[in-house]
Peer 1: 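Quick one: the structure is below, and I'll ask about it shortly.
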Amino acid sequence: MKSAINIGFLGMGTVGTGAYRTLADNRPAIEARVGATLNVKKIAVAHPDLPRAVAIDRGVLTGDPYEVINDPDIDIVVELIGGVEPVKTYIRQAFAKGKHVVSANKELLAKHGVEVLTEASERHLDFYFEGAVAGGIPIIRPLISSLSGNRIDRIEGIVNGTTNYILTRMALEKREFAKVLADAQKLGYAEADPTSDVDGWDAAYKMCILAAIAMQADVDVEAVHPEGISRITERDFDYAGELGYSIKLLALAKRSNDRLEIRVSPTLLPESHPLAHVDDVFNAILVNGSSVGNVMFYGRGAGSMPTGSSVVGDIVEVARNICAGSSASAPKLCFAPTAVVPVAETVSRYYLRLQVGDRPRCLSNIAGALGDHDVSIGRVSQHEMADGLAELVLITHPCPDADLRRSLWAIEAADPDNAVKSVIRVEG
Ligand code: HSE
C-alpha cells in the first residue's frame with residue numbers, strides 16, 4: 001500500500017488557492033482519513049514568479065504544465081485552469097501517463113464530459129469533478145451514489161452565484177441591473193467579463209452536467225438556449241413582489257418522454273417555493289427522486305474556499321482509492337444521447353408586462369389576441385401611466401412558448417402604443 005500520494009496542480013487561481021489552503025489547514029485530519037501523506041509536488045501556473053495569495057515554495061512552481069503531466073511520481077493531477085483547450089488535451093495526456101484527475105471545469109464537463117469520463121473508465125483511472133457544479137455544495141457524489149436507487153425525472157436549481165447576488169440586490173434595493181452589476185464587479189462577486197454568468201451559460205453548463213449524472217442524458221449543450229437576466233427591471237420586481245413571487249435565474253432539467261427539457265431562464269417562483277428565498281451568492285439544487293421525493297442541497301455555490309472544499313474532497317476520495325487499490329470503482333454511468341426539447345415546444349405559465357394605449361377596448365383587444373393563440377389568462381391587473389398609456393401585468397395559464405410568442409407579435413403589430421416590456425416564465 002502507498003504511504004505517500006503525490007499531487008500536481010494545473011492552475012493555482014481562486015479555486016486552486018482555496019484547495020491548497022484547505023489541504024494545508026487540515027492536513028493531519030485529511031491524511032488520517034486517507035491513510036497516507038499527501039504531497040503537493042508540482043504546481044504549473046502561467047506566471048510562477050508573480051506574488052501569490054498563499055505561501056508556496058518557489059521550487060514547487062513551474063511555468064510548464066508538462067512538468068506536472070510527465071512527472072512519473074505524480075499520482076493525481078488537479079486541473080483548475082478552466083475552459084476546453086488546451087485543458088482537454090492536458091487531461092487526456094495525464095490519463096495516458098496513468099494519472100488520476102480531479103477537475104472543477106464545468107465547460108469541459110458540459111461539452112466533453114462523456115468522452116473524458118469514458119476514457120478514464122477505459123484506462124481504469126479516476127476522474128472526479130465535484131467542484132464543477134455549485135462550488136462547495138456536494139451534489140455530484142450524492143447523485144452518483146446516495147440517490148442512485150431513484151429514478152430522477154426533475155432537477156431544478158439556482159446554480160449561479162453571480163446572478164443570484166445581482167437579482168437579490170435588485171429585489172432589495174430596487175436598483176437597475178447595470179448599476180447592481182457594476183457594484184458586484186467592484187466587490188469581486190462578478191467577473192470583469194460577466195457574460196457567461198449574466199447570459200446564463202454558466203448555469204446551462206452546470207445543468208447539463210447534473211442532467212448527465214442524474215438522468216444519464218448525454219445532451220448537446222449548444223441545443224440549450226439560456227436566457228439571461230439583463231432585461232429584468234425594477235418594475236418587474238415590484239409587480240412580482242405584489243403578486244407574491246421572487247425572481248430567480250432558474251436552471252431546470254426534466255424528462256419529457258425520451259427527450260429532455262433543459263432550460264435556464266429568469267423565473268417567477270412563489271414565495272412558498274423552496275428555492276424562492278435562496279439569496280445572495282448562495283446556490284441550491286432541488287432534486288426529485290422516485291423514492292426519496294424532494295431533496296434540497298444548499299450552500300455556497302462559488303468562491304475560493306467552498307469550491308476548494310469540493311476539490312479537496314475529490315482528492316481525498318481519489319487518494320483513498322489509490323491506497324485501497326480500488327481506483328475507477330465508482331458506479332458505472334451509462335449515457336444515452338438525448339435530444340433537447342426545442343424552446344418553442346416548452347410549456348409554462350408566463351408573467352407578461354405589456355404597455356398599452358389606455359383606451360376603451362384595450363384590455364379586450366389584448367385578451368382577444370392572447371385567446372386567438374390559445375393563451376389563457378390566469379391573473380391580470382392594470383396600472384395607469386403618463387401620456388395616455390397603461391401597463392398591463394398578466395399571468396397566463398400554461399401554454400407552449402411558440403403560441404405565446406405568436407400572440408405577442410400580434411399584440412405589438414395591432415397598435416403602435418402596444419409594447420411587450422417583459423416576458424418571464426413562472427414555475428411552482
Ligand atoms: N461564476 C460562477 C457563479 C462560479 O457565479 O456561480 C463558478 O462556477
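Counting starts at 1 for both ligands and their atoms, in listed order. Note that the structure is predicted; figures quoted are calculated from it, not measured.
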Peer 1: Do NZ/NE/NH1/NH2 and the carboxylate oxygens of Lys41 and Asp71 come within less than 4.0 Å?
Peer 2: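 Asp71 and Lys41: salt-bridged.
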
Peer 1: Relative to the heavy atoms of Asn160, which atoms of ligand 1 are at a distance of less than 4.0 Å?
Peer 2: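 Counting atoms of ligand 1 from 1, those under 4.0 Å from Asn160 are 2 (C), 3 (C), 5 (O), 6 (O).
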
Peer 1: Quick one: does Lys206 get an N or O within less than 3.5 Å of an N or O on ligand 1?
Peer 2: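 Lys206 vs ligand 1: N/O contact under 3.5 Å present.
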
Peer 1: Would you tell me whether Ser422 and Asp236 have side-chain atoms, one donor and one acceptor, within less than 3.5 Å of each other?
Peer 2: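 Note: Ser422 and Asp236 side chains meet the donor-acceptor criterion.
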
Peer 1: Answer with yes or no whether the side chains of Thr62 and Glu67 bring together a donor and an acceptor at under 3.5 Å.
Peer 2: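 A donor-acceptor contact under 3.5 Å links the two side chains.
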
Peer 1: Can you spot which of Pro65, Pro86, Ser103 makes a side-chain contact (heavy atoms from CB on, under 4.5 Å) with Leu10?
Peer 2: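 Going through Pro65, Pro86, Ser103 one by one, the side-chain contact (heavy atoms from CB on, under 4.5 Å) with Leu10 is satisfied by Pro65 alone.
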
Peer 1: For Glu261, enumerate each residue passing the salt bridge (charged side-chain N to carboxylate O under 4.0 Å, His left out) test, keeping only those at least two apart in sequence or located in another chain.
Peer 2: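 Salt bridge (charged side-chain N to carboxylate O under 4.0 Å, His left out) list for Glu261, sorted by chain: Arg263.
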
Peer 1: Taking only heavy atoms of Lys106 into account, list the atoms of ligand 1 that are under 4.0 Å away from them.
Peer 2: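 Those of ligand 1 that fall under 4.0 Å from Lys106 are 7 (C), 8 (O).
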
Peer 1: Check ligand 1 against Ala302 and write out every atom of the ligand that is under 4.0 Å from a heavy-atom position of the residue.
Peer 2: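 Here the atoms of ligand 1 in question are 4 (C).
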
Peer 1: So, taking the atom named CE in Met170 and the one named CG in Leu181, what distance separates them when rounded to the nearest 0.5 Å?
Peer 2: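 If I round to the nearest 0.5 Å, the distance is 10.0 Å.
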
Peer 1: With a heavy-atom distance limit of 4.0 Å, tell me whether Asp202 approaches ligand 1 through its side chain, its backbone, both, or neither.
Peer 2: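 Only the side chain of Asp202 comes within reach of ligand 1.
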
Peer 1: Name the closest protein heavy atom to atom 6 (O) of ligand 1, giving the residue it belongs to and the distance to 0.1 Å.
Peer 2: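 Nearest protein contact, heavy atoms only, for atom 6 (O) of ligand 1 is Gly161 N, 2.7 Å.
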
Peer 1: How far is atom 5 (O) of ligand 1 from its nearest protein heavy atom, and which residue and atom name does that atom have?
Peer 2: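 For this ligand atom, the closest protein heavy atom is Thr162 OG1, 2.6 Å.
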
Peer 1: Residue-level breakdown please: for Glu191 versus ligand 1, do any non-hydrogen atoms fall below 4.0 Å on the side chain, on the backbone, on both, or on neither?
Peer 2: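 It is neither; nothing of Glu191 touches ligand 1.
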
Peer 1: Could I get the full list of side chain to side chain contact (heavy atoms under 4.5 Å, CB included) partners for Glu122, not counting sequence neighbours?
Peer 2: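 Scan of Glu122 (side chain to side chain contact (heavy atoms under 4.5 Å, CB included), adjacent residues dropped) gives Thr118.
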
Peer 1: Of the backbone atoms (N, CA, C, O) and the side-chain heavy atoms from C-beta on, which set of Asp197 has a member under 4.0 Å from an atom of ligand 1: side chain, backbone, both, or neither?
Peer 2: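 It is the side chain that touches ligand 1; the backbone stays farther off.
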
